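Every heavy atom of this structure was used, including side-chain atoms; hydrogens, water molecules and symmetry mates were not. Ligands are counted one by one from 1 in listed order, and the atoms in each one are counted from 1 as well. These numbers were taken from a predicted model, which means no experiment stands behind them.
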Amino acid sequence: MEFADISGRKIAYAVRPPNYDPQALSLVFIHGSGGDSNHWKDQVNGLSGIATSLAIELPGHGSSGGKGEQTVSAYADHVSAFVEELNLTKVFLIGCSLGSAITLWIALSGKPWLTAIGLVGAGARLRVHPSFLEGLRQPDPSNALSLLSDFCLSPSTVGPLRSSVSEKFERTDPAIIHGDLSACNEFDVIQRLGQIGVPTWILVGSDDRLTPPKYAEFLHKNIEGSVLDVVNGAGHLVSMEAPDIFNERLASFITAKL
Ligand code: COA
């Protein structure tokens, strides 16, 4: 893990290869609510032969310092400051869930370093079911956490990933997850998708129950020139549930569009 100092706050990130050219294409991955860079372990390890691969940990998450935020725009400011601190000039920003909202927000703010975006388990609006938000505020949030971790994965995803996702949520401060989901709940760029002017890759698992495929289809219909890929039998955490297919589809998009 590497660290960057962003406005006096320690921001952790995974990067491969360690000695990279900041002017070459960089894939910058952003995790979802309550997540960390481990979300993208198979991408950072598997795609570094194609482009520099970095996975940021948002403030208050993983090994990063600071507190979590309550809005997508506040997180977008941190991610932009991170890219600028590292002097990355050609960035393909890829986010899942909350990370996809941050990615869309940055795309709509017209950053000169933004080359392309990837929207995974995404939506132009991300209303959150009240049972998650209310449940996370209870003295014992375990029911909400177990419901959330169950909803993250396809029913056909079994084995160690299922327990590692639920253990990760249990280890994370419920207030951080609540802040992240509140940020999602307020997010709505449905009316602004026509302003996105960078190549856009959209990926969704066919069994995604948090951001169903119809959200991805809506993004595809409203973002000109976008590419939509659906991974059969995967859920919301498609990068972990089907890492090889994920990496293959992303590599194909890079070859075709960048
Ligand atoms: N893209 C395209 N369509 C969307 C959309 C998006 N991002 N978000 C909502 N819509 C659609 C809905 O499907 C619905 O269409 P319909 O009337 O044809 O069924 C309509 O817009 C209104 O949706 P919404 O404002 O979200 O209200 P709702 O009452 O349908 O649903 C929830 C609200 C919270 C119950 C619902 O979003 C839900 O079940 N969420 C659970 C999953 C969750 O919490 N995800 C967290 C994401 S981080």
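The nearest heavy-atom contact from the protein to atom 4 (C) of ligand 1 is Tyr215 CE1, 3.6 Å. For atom 45 (N) of ligand 1, the nearest non-hydrogen atom of the protein is Leu210 O, 3.1 Å. Scanning all protein heavy atoms for the shortest distance to atom 9 (C) of ligand 1 gives Arg125 NH2, 3.5 Å.
Between the side chain of Ser53 and the main chain of Ala51, a donor-acceptor pair closer than 3.5 Å is present. Between the side chain of His220 and the backbone N or O of Ser226 there is at least one donor-acceptor pair closer than 3.5 Å. Without hydrogens or angle criteria, Ser163 side chain to Pro160 main chain gives a donor-acceptor distance under 3.5 Å. Of the possible polar contacts, one joining the Glu57 side chain to the Ser37 backbone as a donor-acceptor pair under 3.5 Å is found. Side chain of Ser33 to main chain of Leu98: no donor-acceptor pair is present (N/O by atom type, distance under 3.5 Å, no hydrogens or angles).
In this structure, Val189 is a member of the same hydrophobic cluster as Ile117, with clusters built from ILVMFWY side-chain heavy atoms closer than 4.5 Å. One hydrophobic cluster, built from ILVMFWY side chains closer than 4.5 Å, holds both Ile245 and Val120.
Screening Asp42, Ile254, Leu250 against Leu47 for a side-chain contact (heavy atoms from CB on, under 4.5 Å) leaves a single residue, Leu250.
The nearest protein heavy atom to atom 25 (O) of ligand 1 is closer than 4.0 Å. There is a protein heavy atom less than 4.0 angstrom from atom 6 (C) of ligand 1. Distance check on atom 31 (O) of ligand 1: every protein heavy atom falls at or beyond the 4.0 Å cut-off. Within a 4.0 Å radius of atom 40 (N) of ligand 1, the protein contributes at least one heavy atom. Per-atom contact check: atom 1 (N) of ligand 1 touches the protein, criterion being a heavy-atom distance below 4.0 Å.
Within the set His129, Arg127, Lys221, the minimum heavy-atom distance to atom 46 (C) of ligand 1 is found for Arg127. Comparing Ser97, Gly32, Pro212 by heavy-atom distance to atom 48 (S) of ligand 1, the nearest is Ser97.
Those atoms of ligand 1 with a heavy atom of Gly123 less than 4.0 angstrom away are 7 (N). For ligand 1 and Ala124, the ligand atoms under 4.0 Å from any heavy atom of the residue are 7 (N). Atoms of ligand 1 found under 4.0 Å from any heavy atom of Val128 (numbered from 1 in listed order, with element): 34 (C), 44 (O), 46 (C).
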Worked verdict on Lys168 versus Thr172 for side chain to side chain donor-acceptor pair (under 3.5 Å): CA-CA 6 Å; Lys168 167 70 184 127; Thr172 305; 3.2 Å; yes

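Contacts between Phe218 and ligand 1, counted as non-hydrogen atom pairs separated by less than 4.0 Å, involve the side chain only. Using a 4.0 Å cut-off between heavy atoms, Phe132 contacts ligand 1 through its side chain alone, with no backbone atom that close.
Residue-to-ligand polar distances place Lys214 within reach of ligand 1: an N/O pair is separated by less than 3.5 Å.
Atom CZ of Arg137 has 12 or fewer heavy atoms from other residues, nucleotides or ligands within 6.0 Å.
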